[in-house]
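Just so it is clear, the model here is predicted, and its values are computed rather than measured. Along the sequence shown, the residues carry numbers beginning at 1.
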Amino acid sequence: MEEQMSGYTKHVYEEDLQETKKQLVKYVDDIIPLLSEEYDFDEILKLVKKYYPFEWRMLEEKYQYYYKKDKTIEKFHGKKRYNADSPEIILRKLSSINRLLMPDTIKRRQETFSIQKQKEYKNLLDKRRLPKIEKRQEKIEKAKKRAQEMEPEFLDALMGLYDRKNTSQKDKVYIFLELEKYYCKKTINFFKKVADSEYNRQLRNMAFEHLQSLGHYTFLRKQKYMQIHTKNKKRKQRIKETAYEVYNIKAIPQELEYRIENSKEQKIKNYDYFISHSSVDYESVQRLITLLNKDNKNVYCDWKADNNYLKRRLVCKATQNVINKRIEQSKKILFVDSDTSRNSCWVKYELNYADQCGKEILVLRKDSIDNSNICLMALNDKWFIDSNYENILQL
């Protein structure tokens with residue numbers, strides 16, 4: 001069985017390598033008319049990366065995938081299986097590149113070179129490629145906006161829960177969705193591992209789709225080629241039985257309320273800041289989160305941290321209970337001050353509840369965020385105090 005699997009994976013790699021070569025030949029053909037009179041390999045490489053940036057990144061990640069595989073195989077079996085070359089080396093070895101770099105070819109280029117033709121072709125290639133690059137970038141940025149670009153302190157614990165032998169399919173789905181909310185090296189490596197080795201098809205597909213949305217290389221194996229890495233017969237049988245198990249979450253506030261009170265993946269969570277704000281100030285709050293993430297601060301914002309459950313059309317008592325818990329899980333409250341936030345019943349409720357919990361409340365003006373002036377100050381003006389705040393929401 002092991003020999004069969006190694007033969008299959010080697011075959012997949014060979015197909016991958018041939019596909020990589022085909023892609024690189026196409027990219028080179030596209031940029032040849034842009035080459036200068038005295039071009040060299042570095043110029044070719046630079047142009048390929050410029051006009052195919054995401055494709056190049058995928059090729060580099062593909063190389064890293066096989067490189068790491070070889071390191072593991074070599075560690076346990078003493079011999080590499082793939083001996084993969086980097087995309088730069090593969091590019092350099094292409095016969096078309098060898099021809100391009102021959103002195104005679106370069107000489108002919110010099111004799112026929114035309115700046116005008118070079119400019120004309122550049123305009124054509126720019127029109128064809130740059131909109132695609134921009135569209136791809138926008139798509140990736142949109143996917144990244146759904147997550148925080150930082151590494152929370154409980155990340156290892158979450159991944160540890162996923163890897164436990166007794167973690168059910170249902171719990172794995174919930175943990176997976178929590179990990180999706182953070183974009184960092186650890187989570188990307190985690191999802192690559194799931195896409196590569198998770199025996200359950202639903203989870204493997206989820207990892208594959210998530211990585212693709214973020215523009216990362218991933219490889220999706222067919223179920224019949226998946227391996228079970230355990231010698232325990234009962235565990236092996238259990239894994240086989242759950243290969244096709246599927247669990248779809250109930251995306252409602254009541255479900256999240258239940259998970260918060262009863263599941264480990266919710267109980268271990270904590271936040272540096274709970275952002276109390278008006279949804280009208282969405283863009284400013286998104287900018288604030290990005291700036292705080294750069295300082296590795298984990299932020300609670302309902303439409304980001306609990307977007308799976310807290311839909312506006314589903315607001316109810318459970319929504320309020322979830323917000324209460326998130327305030328309790330946060331070290332500090334950060335009030336984004338604006339005319340709309342001061343008129344928000346939810347903001348007034350959140351600040352009152354936080355004050356009752358003894359949480360430190362900080363304030364930041366919306367226009368300060370828009371000017372990238374992040375200076376957090378204590379909120380001394382308790383304009384929000386209402387002895388009857390529990391009835392503000394009228395749910």
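Inter-residue side-chain proximity for Thr242 and Gln169 is flagged as unmet; no heavy-atom pair is nearer than 4.5 Å. Within the 4.5 Å cutoff, the side chain of Asn298 has no heavy atoms near those of the Tyr273 side chain. Between Trp303 and Leu310, every side-chain heavy-atom pair lies at or beyond the 4.5 Å cut-off.
Under the 4.0 Å criterion applied to side-chain N and carboxylate O atoms, Arg108 and Glu111 are not assigned as salt-bridge partners. Note on Lys269 versus Glu178: salt bridge recorded, some NZ/NE/NH1/NH2 to OD/OE distance being below 4.0 Å. Contact check on Lys366 versus Asp339 returns no salt bridge, with no Lys/Arg side-chain nitrogen under 4.0 Å from an Asp/Glu carboxylate oxygen. Of the charged side-chain nitrogens involved, at least one lies within less than 4.0 Å of a carboxylate oxygen, so that Asp30 and Lys26 count as a salt-bridged pair. Salt-bridge annotation for Arg259 and Asp171: present, with a side-chain N of the basic residue lying under 4.0 Å from a carboxylate O of the acidic one. A salt bridge between Arg92 and Asp85 is absent, with no side-chain N of the basic residue lying under 4.0 Å from a carboxylate O of the acidic one. Salt bridge present: Arg129 and Glu55 bring a charged side-chain N and a carboxylate O closer than 4.0 Å.
Around the OH atom of Tyr389, the shell of radius 6.0 Å holds more than 12 heavy atoms that belong to other residues, nucleotides or ligands. Around atom CD of Glu38, no more than 12 heavy atoms belonging to other residues, nucleotides or ligands sit under 6.0 Å away. Residue-environment remark: NZ (Lys250) stays at or below the threshold of 12 foreign heavy atoms within 6.0 Å. Within 6.0 Å of the NZ atom in Lys311, the count of heavy atoms belonging to other residues, nucleotides or ligands exceeds 12. Within 6.0 Å of atom OH in Tyr258, 12 or fewer heavy atoms from other residues, nucleotides or ligands are found, so the atom counts as exposed in its surroundings. Other residues, nucleotides and ligands contribute only 12 or fewer heavy atoms inside 6.0 Å of the CD atom of Glu283. Heavy atoms from other residues, nucleotides or ligands lying under 6.0 Å from NZ of Lys264 number 12 at most. In this structure, Ile115 places its CD1 atom where only 12 or fewer heavy-atom neighbours from other residues, nucleotides or ligands lie under 6.0 Å away.
The backbone N or O of His277 lies less than 3.5 Å from no partner atom in the side chain of Asp281, so there is not a single donor-acceptor pair. In this structure, the side chain of Arg201 does not engage the main chain of Tyr244 through any donor-acceptor pair within 3.5 Å. In this structure, the side chain of Ser278 engages the main chain of Val280 through a donor-acceptor pair within 3.5 Å. In this structure, Asp70 contributes its side chain and Arg81 its backbone to a donor-acceptor pair below 3.5 Å. A donor-acceptor distance shorter than 3.5 angstrom exists from the side chain of Tyr39 to the backbone of Leu100, with no hydrogens or angles considered.
Between Tyr27 and Trp56, the distance from one ring center to the other does not fall under 6.0 angstrom. Aromatic ring centres of Tyr353 and Trp346 lie farther apart than the 6.0 Å criterion allows.
Of the candidates Phe191, Tyr162, Tyr182, Phe176 forms a ring-ring contact (aromatic ring centres under 6.0 Å, His included) with just one, namely Phe191.
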message = I'd like to know whether Lys304 forms a side chain to side chain donor-acceptor pair (under 3.5 Å) with Gln286, so could you lay out the CA-CA distance, the side-chain angles of the two residues, the decisive distance to 0.1 Å, and finally the verdict.
response = CA-CA 9 Å; Lys304 201 175 189 79; Gln286 177 63 58; 3.3 Å; yes
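Under the 30°/60° scheme for interplanar angles, the aromatic rings of Phe274 and Tyr300 are found to lie parallel.
Side-chain contact of Glu257 with Asn321: a donor-acceptor pair under 3.5 Å is present, judged by distance alone.
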